[in-house]
There are 2 protein chains.
Amino acid sequence: MSLRHAILGILSIQPMSGYDLKKTIDQSVGHFWTADQSQVYRTLAALVEDGLASRRTVAQDERPNLHLHTVTDRGLVALDEWLASPLQTPPMREPFLARLFFADRMPPEAIRELLDVRRREVSEQLAALEAIAVSVDDADIGQVLRLATLANGIAHAKTELEWLDDTARRLERTAP
Amino acid sequence: MSLRHAILGILSIQPMSGYDLKKTIDQSVGHFWTADQSQVYRTLAALVEDGLASRRTVAQDERPNLHLHTVTDRGLVALDEWLASPLQTPPMREPFLARLFFADRMPPEAIRELLDVRRREVSEQLAALEAIAVSVDDADIGQVLRLATLANGIAHAKTELEWLDDTARRLERTAP
DNA sequence: CACTTATATATGCGCAGTCCTATATAGGTG
DNA sequence: CACCTATATAGGACTGCGCATATATAAGTG
């Protein structure tokens, strides 16, 4: 649904090829959005088709040609409409919690292991986020907002780790 | 992917009709999973097709007939295999953060409003979760795990609210 | 020369899920 | 009697997306 809009947003800051767009998504907004490579190209094609972006083939000497994508005026309007449109909370779907909910079918040590694996994953995520985050003084609104999205991921990762500790403790107190 | 398994899990606790299953999903696991009604029926049909569940038509006097679904032995095996299988973290997708990331295209008061709307939504979610949560002493492992999934939602909701406060404060300090 | 890697774009296949609509039974309400 | 609500099941159309694969250019490596 809003990969379209995320792409419009990125292209509105910096026109680029599908290839660079995929890399930008992974690097700059990867902490709150992911996109399959083929889906990026498909979505770009759809945006051009709908007149929200335009493409210009750029010949390169030492690399294959690329399509440079730029947001059109109509694209900017669509982007701003999306930004101003009512928030619709996406359907909750937490596969890890789904497992935990039914995990009492497994022996206690398997449950502990499940929590441990989760802890390792979240720890890695947290480390990756903290490696990106930099404190900025004298920031403009855009920088503050972008940093806030990072801070969001960091805060939730820390909460998840605390909750894992708490849950593991409760389990130890319960398991025989 | 794991609606199949969530359904197997629920049916392993209590055999029921598709209709009741949909209600159970909304009420009991709604804080970490949602499912469309038609998808519930389709998934049930697929489970029966694959021999993981069986259905028995139950005639009712004062209501339409229903299909009572029970997990088969093979279904229980599939459920346990899923529980023991490696966790695969789902792709990150946070539409709200996506918006916030590009929100500096909007005037400051629209950004404030975006944060406020989010705060109201999360507050409601938190209230709903806290209304369900009950403290239980003398709980078995299953109860501890089920409560933990609730506690997870509550912890993250609180974190989100704190982060919203923090972000709003930073914005006030930045905006002219 | 064959192979691998990076750059760059794109299609085919198929699944899971959403939205909408249809169908049927039965009780309650105006 | 018409209408609404709850119970109960299900199909059609469509979308977004993931995975695999194909294609092409060019540089570097063994």
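In what follows, chains are A, B, ... by sequence order, proteins preceding strands, each numbered from 1.
Here dC17(D) presents its P atom at 13 Å from CG of Leu44(A), a figure rounded to the nearest Å. The distance from atom CG of Leu47(A) to atom C1' of dT9(C) is 16 Å, rounded to the nearest whole Å. Between the CG atom of Leu66(A) and the P atom of dA6(C) there is a distance of 18 Å, given to the nearest Å. Whole-Å rounding puts the Asp26(B) CG to dA8(D) C1' distance at 15 Å. Asp36(A) places its CG atom 16 Å from the P atom of dG12(C), with the value rounded to the nearest Å. When rounded to the nearest whole Å, the span between CD1 of Ile7(B) and P of dT9(D) equals 12 Å. Protein atom CG of Asp20(B) is 13 Å distant from nucleotide atom C1' of dT9(D), rounded to whole Å. Look at CD on Gln39(A): it is 14 Å from C1' on dC13(C), rounded to the nearest Å.
Both Gln37(B) and Gly18(A) lie near DNA chain C, and the one whose nearest nucleotide falls closer to the 5' end is Gly18(A). Comparing Ala45(B) and Pro91(B) against DNA chain D, the residue whose closest nucleotide sits nearer the 5' end is Ala45(B).
Note: the hydrophobic cluster containing Leu87(B) also contains Leu171(A) (ILVMFWY, side chain heavy atoms under 4.5 Å, direct or indirect links).
For Lys23(A) and dT7(C), the shortest distance from a side-chain N or O to OP1 or OP2 is below 4.0 Å. Residue Arg93(B) places at least one side-chain N or O under 4.0 Å from the OP1 or OP2 atom of dG18(D). Taking side-chain N and O atoms only, Tyr19(A) has no distance below 4.0 Å to OP1 or OP2 of dT9(C). Distances shorter than 4.0 Å separate none of the side-chain N or O atoms of Tyr41(A) from OP1 or OP2 on dA10(C). Considering only side-chain N and O atoms, Arg63(A) lies nowhere under 4.0 angstrom from the phosphate OP1 or OP2 of dT25(D). Close to dG12(D), at under 4.0 Å from its OP1 or OP2, lies no side-chain N or O of Arg42(B).
The minimum heavy-atom distance between Glu130(A) and Lys158(A), with the atom names listed, is OE2-CE, 3.6 Å.
The existence of a salt bridge linking Asp26(A) and Lys23(A) is excluded, since no basic side-chain nitrogen approaches an acidic carboxylate oxygen closer than 4.0 Å. A salt bridge links Arg170(A) and Asp166(A); the closest N-O separation between the charged side-chain nitrogens and carboxylate oxygens is under 4.0 Å. A salt bridge is absent between Arg119(A) and Glu160(A); no separation between the charged side-chain nitrogens and carboxylate oxygens falls under 4.0 Å.
Within 4.0 Å (heavy atoms only), Lys22(B) reaches no atom of the nucleic acid at all. Within 4.0 Å of Gln60(A), counting heavy atoms only, lie sugar-phosphate atoms of the nucleic acid but no base atom. When heavy atoms are screened at a 4.0 angstrom cut-off, Thr43(B) is found touching no nucleic acid atom at all. Within 4.0 Å of Ser17(B), counting heavy atoms only, lie sugar-phosphate atoms of the nucleic acid but no base atom.
Contact check for Ile10(B) versus Phe102(A): side-chain heavy atoms found under the 4.5 Å cut-off.
Put simply, the side chain of Ser38(B) and the base of dC19(C) share a donor and an acceptor less than 3.5 Å apart.
With distances taken from any side-chain atom of Trp33(B) to the nucleotides dC17(D), dG17(C), dA8(D), the minimum falls on dG17(C).
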